[in-house]
Structures are given as structure tokens and as C-alpha cells.
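Atoms considered below: every heavy atom in the structure, side chains included; atoms not considered: hydrogens, waters and symmetry mates.
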2 protein chains.
Amino acid sequence: MSESSTAVRNTRQRSAVSALLGEMEGFHSAQDLHAMLRQRGERVGLTTVYRTLQGLADAGEIDVMRPPGGEHLYRRCSEGHHHHLVCRVCGRTVEVAGPAVESWAERVAAQHGYADVSHTLEIFGTCPTCVR
Amino acid sequence: MSESSTAVRNTRQRSAVSALLGEMEGFHSAQDLHAMLRQRGERVGLTTVYRTLQGLADAGEIDVMRPPGGEHLYRRCSEGHHHHLVCRVCGRTVEVAGPAVESWAERVAAQHGYADVSHTLEIFGTCPTCVR
DNA sequence: GCGTTTTTGACAATCATTATCGTTACCACG
DNA sequence: CGTGGTAACGATAATGATTGTCAAAAACGC
């Protein structure tokens, strides 16, 4: 144990999860994704799906949303930082970018001496269709 | 049933929770608050604490934060809409107002035709003390 | 191939929150 | 000042997503 080799290994399961996310539109829960993988015949454990999603989220490759309902939703997202505008009725989601918000958050945090800043922002509303 | 009697009754328990929140600084979980009430000798059920907090939150009288840890935290907040800058190490919290963000969110939502807009925003960072 | 180390995965455990439902107590009205 | 209807309470059980466990399997460097 001389070196702390943080060797991340390439496994079939990891590829499967990653590939699935690449094909999916919209947000899905870990359990959803797990069910889809099984339907495809991929043999992946639920535990592994959770672990993989966490890893991808930490690496910034996927997006996590935590709706008030309580279930975590994952989605492969476009590169860079952005936020979501979610319909509270049908769940339709729009990706929105807010450079102004980013810099505002940075500035506010800096004013209070906070470092290493991140933030989460979700906008909820009723979409045109559901508004009728 | 001529009237929609949304009669909210005044109960000892509701007052107790409300009063406790009035004296507390910072965020506390429902279970925390419940434990404190018991220490004071107030006899309030955990279920009731949850219900009361939900009610107060719906009424906008208290503030709910959902940290990644998963536990909901409640706090009596100043009137009006605001957000929080939270130290991810020690939990120290600063209330921040962002009128620009409010209007930005409204505008973005309107552009996509979304109505009845609300949003959640939390800023995380490491506070000056913990940065050291 | 071989050994080492990560990763997997079935299952159990955790734990905050919610549902249940009989009981209690608030409050308007007479 | 009673009383009836109804909202609120509260002990307990249920829920359900997520995390821990640990033996077995798979990757990768050599």
C-alpha cells in the first residue's frame, strides 16, 4: 500500500448505465434506470446502479435533481453548469442557463468570505400545456 | 357546506411549535424540534410536529431547506423571499436576498410559458472560519 | 496466467417521513 | 353555559428510497 491508486476500473455494468443515460431523454430515478436495464437483459444490481450514478454525479457527468417528492432523479446533461425549469404538473423540464445567477452567487458568497462555492437552483411552474 | 370552512384551529401544540421556532436560531430538523419540546415538558406528538411544520411552511411562515444529507430543516425566517448561504463544513447559515435572481427566474419561466412560478436556491461554500 | 484490488450484488438495515384511525378538544351556535 | 360537529392530535405501523455488509467475481498490471 505504497500508492493510493484510485484506479477506476472499466466494467460492463458501468458502461451499461452510462450508455443507457446517453440514450435517455429527461430525468429518471435510479430505480427506473435499473428496471430499464433489466428489460434490456442487462444483468445489473440495484446497488450498483446507485453507486454508479453517484460516481457519475460526483464526476459531474450527470445531473441530479431532488424534487420535493423525495426521489432523486438523474439525467445526462449538457456540459457546463445549468439549471432546470420543471412543470409541477406534468414534469416537463427545460434546461436553462443563468450566467447572471452564477456570478451573483459567487459574488454573494465572496462577500461573506465563503470559498469553494457551489449552488443548486430549481425553478418550478406550470407549463403552458398544463395551464390550459 | 355552504362555506368552505378552512377553519384552522388554535391548539396548544401549534402554539408550542410556533413559539419554539420563534426562539430558535438556525435550522433544526423536525425531530430536533420534537425533542426540544419534550424537554420543555410540552407534550406534543412527533406526527403533529411534522404536520404543523408542513402547515407553517405552506403558509410561508417558515423556511424549509433540504440539504443533500436528506433531512429536512426548518427555520423561522424573516418575511419575504430569500435564500441561504450555507457552510458545508459547520453549517453556519447566512440569509441572502437576491432580487435580481427573483426577477430572472420569473422572466425565464415566462419566456417558456410557465406560470405560477416558484423556485428554490441554496448556495453552499466553506465559511471563513472553516476555510482556514 | 497470476495475484492483488476493486467492484459487484443479493440482502438486510436504516431512518426520515407518511398513513392510519380511534380519541381528544376546539369553537360556533343555541 | 352546554353541546354537537369537526378539525386536530398522537401512538403506532407502514412506507420506501437509499446505504451498509461482505463473500464472490471480475479487471488490470506484470
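A sub-4.0 Å separation between OP1 or OP2 of D:dA17 and a side-chain N or O of A:His72 is absent. For D:dG10, one of the phosphate oxygens OP1 or OP2 lies less than 4.0 angstrom from a side-chain nitrogen or oxygen of B:Gln13. OP1 or OP2 of D:dT6 has not a single side-chain nitrogen or oxygen of B:Arg9 nearer than 4.0 Å.
The stretch residues 44-59 of chain B comes close to DNA chain D through B:Val44, B:Gly45, B:Thr47, B:Thr48, B:Arg51, each having a heavy atom under 4.0 Å from the strand.
Note: CG (A:Asp32) to C1' (D:dG16) measures 14 Å, nearest angstrom. Computed from coordinates, the B:His34 NE2 to D:dT12 P distance equals 12 Å when rounded to whole Å. Residue B:Gln31 contributes atom CD, which lies 10 Å from atom P of C:dC15 at whole-angstrom precision.
Rounded to the nearest 0.5 angstrom, A:His28 NE2 and A:Leu73 CG are separated by 9.0 Å.
In summary, of the residues considered (A:Thr52, A:Leu20, A:Leu46), a side-chain contact (heavy atoms from CB on, under 4.5 Å) with A:Leu33 occurs for A:Leu20 alone.
One finds a salt bridge joining B:Glu23 and B:Arg40 here, because a Lys/Arg side-chain nitrogen approaches an Asp/Glu carboxylate oxygen to under 4.0 Å.
More than 12 heavy atoms of other residues, nucleotides or ligands lie within 6.0 Å of CZ in B:Arg66, so this atom counts as buried by the packing criterion.
The A:Glu71 side chain lies nearest to D:dT18 when the options are D:dA8, D:dT18, C:dA10.
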With salt bridge (Lys or Arg N to Asp or Glu O under 4.0 Å) as the criterion, how do A:Glu122 and A:Arg88 come out once you've worked through the C-alpha distance, each side chain's angles and the decisive distance to 0.1 Å? CA-CA 11 Å; A:Glu122 314 283 355; A:Arg88 65 163 63 83; over 6 Å; no

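Linking ILVMFWY side-chain heavy atoms closer than 4.5 Å, directly or via other members, places B:Phe124 and A:Val101 in two distinct hydrophobic clusters.
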